[in-house]
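What follows is a short report on a single structure.
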Amino acid sequence: MTNSGGYMKNRGMTEFILIGITDHPELQGPLFIIFFLNYIVTALGNLGIIILTTLDSYLHTPMYFFLRHLAFVDLGYSTAIGPKMLVSFIEEKNIISFNGCAVQLVCVGIFITSEIFILSAMAYDRYVAICKPLLYTVIMSDSVCWLLVAMSYLYSIMVCLLITTKIFISSFCKSNVLRYFYCDCIPLLSIICSDTIEIELIIMIFSSINLVSSLLIILVSYMFILVAILRMNSSEGRYKAFSTCGSHLTVVVVFYATLLFMYLQPQSSHSFDTDKISSVFYALVIPMLNPLIYSLRNKEVKRALKRLFKK
């Protein structure tokens, strides 16, 4: 009966109002310019990686296969959030439809959850490359790479559809105003008047499973990598191995630290202003930095760019 009643109430609610990042009028213009440029750089950087790793045959390796999918999910969730957020800087009321809010929530969730497991797959790929170089092409075959990526996407879709469905069959009777710049679980839970304990528990369980399992894969992979590097006699070999893993480790630390801060805490202890800063960082800043971290310092990518321009 609760879900049925909630559904009837939600039929009357056709839209949500997104408050945005700030309610200070003097900041709207400068912030619009900053985040517009941020999105352009993000889109061009990640599209560039996708195109380059697709067209250049020298980059048809497992490492760049995963990097291409990392760029795809980065582009995906930054696009699901960025353009709609920019509207909040130029319109007095930034309105999103009921169905549009649900679509945004599920898309952002799918892409971010997929990124978690793609980063894990990249750690495993580096482990095999450094610790088992002679078996690398056998272990990291095309079918294995596709299987790892497909499992990430399918699992993410299943979990995010479950959570989104649970949220949107609940009763939104407190308000249609979201004190946020996009449709996310935490602000949506705050305006539900029916019991949210079950939804919070589902989110907490899956967030914990996702973060703990993926972090475990990364930590174990890097533990073996560190042991292998310390056993190397050549200082040049050690430097090359460290430089190969350095970019990935940087992204992992920043990305996971932000997500752990955001989701692995009770709803009652959340501060929307603090969550906004965290969300801006992982949703808009990290997708912009990833192409720079992984590509501009990479000699193979630079050589691929030169080959592409020569053609």
Side-chain angles (χ1 to χ4, degrees), residues 31 33-86 107-126 129 145 148-149 152-153 156 182 214 218 222 240 242-259 277-311:
L31 285 175
I33 294 170
I34 290 169
F35 287 113
F36 176 75
L37 293 174
N38 164 269
Y39 180 70
I40 294 297
V41 172
T42 300
L44 291 176
N46 287 293
L47 275 173
I49 286 180
I50 293 168
I51 293 168
L52 192 64
T53 56
T54 302
L55 294 180
D56 195 289
S57 58
Y58 289 95
L59 300 183
H60 289 179
T61 63
M63 177 181 172
Y64 293 102
F65 172 83
F66 292 123
L67 182 58
R68 179 162 62 249
H69 284 275
L70 182 70
F72 171 70
V73 296
D74 278 341
L75 181 62
Y77 68 78
S78 61
T79 299
I81 294 172
K84 187 62 183 170
M85 184 199 68
L86 290 172
C107 286
V108 171
I110 288 169
F111 286 123
I112 288 179
T113 307
S114 298
E115 174 143 349
I116 288 172
F117 291 104
I118 288 171
L119 286 171
S120 302
M122 293 175 82
Y124 177 70
D125 171 68
R126 291 300 82 206
C145 292
L148 291 172
V149 167
S152 299
Y153 289 139
S156 302
Y182 72 97
S214 56
I218 291 169
Y222 274 103
K240 187 177 179 180
F242 271 122
S243 62
T244 302
C245 302
S247 299
H248 180 258
L249 270 176
T250 303
V251 171
V252 163
V253 169
V254 175
F255 185 79
Y256 279 76
T258 309
L259 287 185
I277 295 170
S278 302
S279 295
V280 166
F281 199 76
Y282 80 72
L284 301 170
V285 177
I286 290 176
M288 180 186 71
L289 292 177
N290 283 354
L292 302 176
I293 293 170
Y294 280 109
S295 300
L296 294 183
R297 295 172 59 194
N298 189 304
K299 291 180 181 179
E300 288 184 41
V301 171
K302 289 179 181 178
R303 285 195 287 264
L305 278 170
K306 288 179 182 177
R307 287 193 294 269
L308 186 64
F309 286 125
K310 282 181 182 178
K311 290 181 182 179

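In this text the structure is predicted, and so the values were computed from the model without any measurement.
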### Query
Are the side chains of L119 and E115 in touch, meaning some heavy atoms are under 4.5 Å apart?
yes
## Note on the structure
Value for CZ (R68) from CD1 (I51), rounded to nearest 0.5 Å, stands at 12.0 Å
### Query
Out of curiosity, L70 CG to L75 CG, how far, rounded to the nearest 0.5 Å?
11.0 Å
### Message
Measuring only between side-chain heavy atoms, which start at C-beta, is I116 closer than 4.5 Å to F255?
### Response
yes
### Message
Nearest 0.5 angstrom please: T250 OG1 to I286 CD1, how far?
### Response
11.5 Å
### Message
Quick one, L249 and R126 - any side-chain contact, counting heavy atoms below 4.5 Å?
### Response
no
### ring pair (Phe, Tyr, Trp, His ring centres under 6.0 Å) against Y222, all qualifying residues, sequence neighbours excluded
H248
### Query
Can you tell if the side chain of L52 reaches within under 4.5 Å of the side chain of Y64, non-hydrogen atoms only?
no
### Query
Do the non-hydrogen side-chain atoms of F111 and D74 ever get within less than 4.5 Å of each other?
no
### Task
Tell me, please, which residues at least two apart from Y77 pass ring pair (Phe, Tyr, Trp, His ring centres under 6.0 Å).
none
#### Entry: For F65, ring pair (Phe, Tyr, Trp, His ring centres under 6.0 Å) partners two or more places apart
H69, W146
### Message
I need the S120 OG to D125 CG distance, nearest 0.5 Å.
### Response
12.5 Å
### Summary
Separation between CG (L31) and CG (L86), nearest 0.5 Å, reads 10.5 Å
### Query
Mind checking whether I218 and Y256 have side chains closer than 4.5 Å, heavy atoms only?
yes
### Query
Hey, mind stepping through L148 and S152 against side-chain contact (heavy atoms from CB on, under 4.5 Å) and telling me if it holds?
CA-CA 6 Å; L148 291 172; S152 299; 5.6 Å; no
### Message
Run the side-chain contact (heavy atoms from CB on, under 4.5 Å) test on L284 and M85 for me, step by step, so that the C-alpha distance in whole Å, both residues' side-chain angles and the decisive distance to 0.1 Å come before the verdict.
### Response
CA-CA 10 Å; L284 301 170; M85 184 199 68; 3.5 Å; yes
### Task
Can you see which heavy atom on N46 is nearest to which on A71, and at what distance?
OD1-CA, 3.4 Å
### Spacing of N290 atom CG and I49 atom CD1 [to the nearest 0.5 Å]
8.0 Å
### Side chain proximity check, V280 to F35, heavy atoms < 4.5 angstrom
yes
### Message
Using every non-hydrogen atom in the two residues, find where S78 and P83 come nearest and quote the distance to one decimal.
### Response
O-CD, 3.8 Å
### Message
When you compare the side chain of V73 with that of Y153, does any pair of heavy atoms fall below 4.5 Å?
### Response
yes
